[in-house]
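Below, chains carry the letters A, B, ... as their sequence lines are ordered, and counting in each starts from 1.
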Amino acid sequence: MTLPADTDPKLAAYAHPERLVTTQWLEERLGTDGLVVLECNEDVLLYHTGHIPGARKLDWHIDLNDEVTRDYIDAAGFAAMCAARGIGRDTTVVIYGDNFNWWAAYALWVFSLFGHPDVRLLDGGRAAWAAEGREMTTDEPAVAPADYPVVERDDSGIRAFKEDVLAHIGRGPLVDVRSPGEFTGELLHMPDYPQEGVQRGGHVPTASSVPWKRAANEDGTFKTADELRAIYADEVGLEPADDVVTYCRIGERSSHTWFVLTHLLGFEHVRNYDGSWVEWGNAVRVPIEKP
Amino acid sequence: MDRALPPGLQAIVDEFAECDRTERLDLLLEYANGLPPLPERLAGQELERVHECQTPLFVQAEVDAEGRVRLFFAAPDEAPTSKGFAGIIHAGLDGASVDAVLATPSEFAMGMGLAEVVSPLRMRSTGAILARIKRQLVERAPGAAS
């Protein structure tokens, strides 16, 4: 049995309020049967310095990606990963993390590739929980393994590959969520990160620049439905029926925007290009636009 | 590795290698917590950033009057992994001779078994921290060019 949705008024204005929970809602339900909380961070040790009581650790590097091929884990791997964390197919999974929920959103998107029915984000993530002075602990929960069925990953609906992006140019909106310097090609990585690893700078032709952070408040929570519509609909001109592809550098920041468009604004055809600029900027003979 | 590590650093590498996966993370956290704070004289200064680390880390390498290497790091508490790497390098190399630090192979951390718990990508930062320390030492050495 999944848990009822959070009825907070801010969330109610989103297209799919059942995909997001507030810190208050989560605190009141910690320990409830059928709920598993996962922490997914950029920093692999952060969980061990303190986490929401009962939360289990999920590492995007190690737990979600195949060790050899640049791809996600397969159906058996996903089932084993969930089972080890006490997650069944009917479990309500709430994910939160550091850095504006980048990796939490990425993990939620990977859960969605496997069609996990009820997976939600904690609005504001780790920073909001900590800033509100809510309890954190270094105790790691004893987890009783659950049964999780082996369900094939379905990349067709919400994942775009390089070939899909090539075919998409001129046919539908592309949203580049990187920083302005990365979009123009002045930077090959996020500001303050190493400028290496990519051969070419710029963006996919026809892409609009909408940095992911525009969707977030400084405290890590999402902007309101009206504020988000003002950006993505009124300013950028996207419509809920559009076939949209989002990308960034390796797919985590664009998972954040994918979540905003899909679950907060109700767009029905948004795909995340997880190969993103690390693939595009290194690929031979793909078109690149540079101002 | 064909070059020997300074004994202090070798002891840490062995300590990690003998742990199981869970213990390795705990140990890394201990090194993060054991990293000495930046001395006051360096607090307001702009230190070299180790850009290869995924989270902020700053390093300064100096040589004291006895010719020993002194290492100083700054990292926020929200970045425990980078702090842990810095803690290992501090515990293993602070006080060593300049020659010993310069001779330490950049891939020293390969034998620690950390790659399987923090992912190989994140392990690159240990070599990057050491490379920046070595460069600073060479630049600060008496008689160094420029």
(message) Can you classify the ring geometry of Y148(A) versus H116(A) as parallel (below 30°), tilted (30 to 60°) or perpendicular (above 60°)?
(response)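 It falls in the parallel class, under 30°.
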Check your understanding: Which class fits the ring pair Y106(A) and W60(A): parallel under 30°, tilted 30 to 60°, perpendicular over 60°?
Key ->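 The arrangement is perpendicular - the two ring planes meet at more than 60°.
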Region of [X] that comes under 4.5 Å of a non-hydrogen atom in chain B:
{"X": "I62(A)", "answer": "side chain"}
{"X": "D98(A)", "answer": "neither"}
{"X": "N41(A)", "answer": "backbone"}

Notebook entry, point to check: Can you pull out the residues in residues 26-47 of chain B with any heavy atom less than 4.5 Å from chain A?
Noted result: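 The stretch touches chain A at L28(B), L29(B).
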Is it true that [X] and [Y] have a side-chain N and a carboxylate O under 4.0 angstrom from each other?
{"X": "R126(A)", "Y": "E78(B)", "answer": "no"}
{"X": "R56(A)", "Y": "D63(A)", "answer": "no"}
{"X": "E279(A)", "Y": "R70(A)", "answer": "no"}
{"X": "D71(A)", "Y": "R159(A)", "answer": "yes"}

Counting only non-hydrogen atoms closer than 4.5 Å, does V117(B) touch chain A with its backbone (N, CA, C, O), its side chain (CB onward), both, or neither?
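Only the backbone of V117(B) comes within 4.5 Å of chain A.
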Checking E23(B) side chain against D20(B) main chain: does a donor-acceptor pair fall under 3.5 Å?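 Flag set: sc E23(B) to bb D20(B) pair under 3.5 Å.
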* Just give me the residue among N65(A), L45(A), T49(A), D59(A) that pairs up with chain B most often, heavy atom to heavy atom, under 4.5 Å. =>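 Highest number of pairs under 4.5 Å: L45(A).
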query: Should the heavy atoms of other residues, nucleotides or ligands under 6.0 Å from CD of E67(A) be counted, would the total exceed 12?
result: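 Incorrect, the count does not exceed 12.
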